Amino acid sequence: MAIARGTETILLVDDEEAVLKVAGSMLRKLGYTVHLAESGESALIEIHEHGSEIDLMLTDWMMPELHGNELLEQIRATGYDGPIAVVSGELMEEEPLPTGVIGVIFKPYSLENLSHNLRTFLAAKQD
């Protein structure tokens with residue numbers, strides 16, 4: 001699988017600092033501008049400050065406090081209507097995707113897998 005690059009802006013949300021650092025580095029390597037949020041609450045702040053710039057929100061599903069459907073609900077309440085993709089180590093494939101979620105990337109993922117999924121998600125945004 002070829003590595004697909006991009007120039008869009010991505011909000012990456014994950015409560016694990018190591019994952020946030022590594023995934024953020026991977027995204028930058030692929031050419032994306034990246035905003036990092038270490039919690040659902042900090043994701044809301046980023047959306048308030050930079051929502052119009054964010055082309056895709058890529059968020060962990062299981063985080064302490066504000067996560068999952070609660071986070072989606074609050075993000076949508078801000079007026080952000082861009083695509084939201086979920087990163088999860090859980091088996092979400094047996095369930096339908098939550099309303100407003102464009103897709104899921106399963107942990108662990110490779111640079112190639114990440115790049116392919118992002119291009120798919122961002123292309124769907126333009127449809």
Side-chain angles (χ1 to χ4, degrees):
M1 184 182 320
I3 294 179
R5 301 188 186 292
T7 58
E8 293 89 351
T9 299
I10 295 177
L11 171 58
L12 176 63
V13 186
D14 201 300
D15 63 308
E16 293 183 47
E17 185 180 348
V19 172
L20 203 58
K21 240 182 198 179
V22 170
S25 177
M26 290 170 78
L27 290 168
R28 285 185 199 93
K29 185 176 185 174
L30 292 170
Y32 297 101
T33 299
V34 182
H35 292 269
L36 301 176
E38 70 280 349
S39 66
E41 291 84 2
S42 58
L44 288 168
I45 292 168
E46 287 293 324
I47 289 290
H48 279 292
E49 293 178 0
H50 306 284
S52 63
E53 304 163 27
I54 296 170
D55 297 299
L56 173 72
M57 179 177 159
L58 186 59
T59 183
D60 188 13
W61 190 248
M62 298 301 296
M63 295 185 291
E65 298 170 30
L66 188 58
H67 68 279
N69 284 318
E70 276 183 291
L71 176 58
L72 292 179
E73 198 174 288
Q74 290 194 31
I75 290 291
R76 292 302 185 204
T78 68
Y80 175 76
D81 64 351
I84 298 173
V86 169
V87 177
S88 180
E90 304 295 314
L91 294 176
M92 290 179 67
E93 69 239 11
E94 294 177 11
E95 305 170 20
L97 287 178
T99 302
V101 172
I102 196 166
V104 179
I105 299 175
F106 294 99
K107 293 178 184 175
Y109 49 83
S110 66
L111 185 65
E112 294 82 5
N113 179 264
L114 179 63
S115 73
H116 172 75
N117 279 297
L118 290 176
R119 294 314 320 152
T120 300
F121 300 155
L122 289 162
K125 172 191 169 191
Q126 296 170 355
D127 290 345

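As the structure is a prediction and not an experimental result, all values here were calculated from the model. Values below: every heavy atom of this structure, side chains too, minus hydrogens, waters and symmetry copies. Throughout, numbering of the chain's residues begins at 1 and tracks the sequence.
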I'd like to know whether Thr59 forms a side-chain contact (heavy atoms from CB on, under 4.5 Å) with Asp14, so could you lay out the CA-CA distance, the side-chain angles of the two residues, the decisive distance to 0.1 Å, and finally the verdict. CA-CA 6 Å; Thr59 183; Asp14 201 300; over 6 Å; no
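- The nearest pair of heavy atoms linking Leu36 to Arg28 is CD1-NH2, 3.8 Å.
- Note on Leu72: it does not cluster hydrophobically with Ile45, by side-chain heavy-atom contacts below 4.5 Å among ILVMFWY residues.
- Proximity of Met26 to Leu12: side-chain heavy atoms (C-beta onward) are nowhere separated by under 4.5 Å.
- In this structure the side chain of Tyr32 never reaches within 4.5 angstrom of the side chain of Leu58, judged on heavy atoms.
- Put simply, the side chain of Arg76 gets close to the backbone of Tyr80: a donor and an acceptor are under 3.5 Å apart.
- Note on Val19: it does not cluster hydrophobically with Ile105, by side-chain heavy-atom contacts below 4.5 Å among ILVMFWY residues.
- Checked by atom type and distance alone, the side chain of Ser25 never pairs as donor or acceptor with a backbone atom of Lys21 at under 3.5 Å.
- For the pair Ala4 and Arg119, the tightest heavy-atom approach, listed with the atom from each and the gap, is CB-CG, 3.2 Å.
- Between Lys107 and Asp60 there is a side-chain heavy-atom pair separated by less than 4.5 Å.
- Here the closest non-hydrogen pair linking Ala43 and Val13 is CB-CG2, 3.6 Å.
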Using the side-chain contact (heavy atoms from CB on, under 4.5 Å) rule, take Met57 and His35 through it: C-alpha gap first, then chi angles, then the decisive distance, then the call. CA-CA 9 Å; Met57 179 177 159; His35 292 269; over 6 Å; no
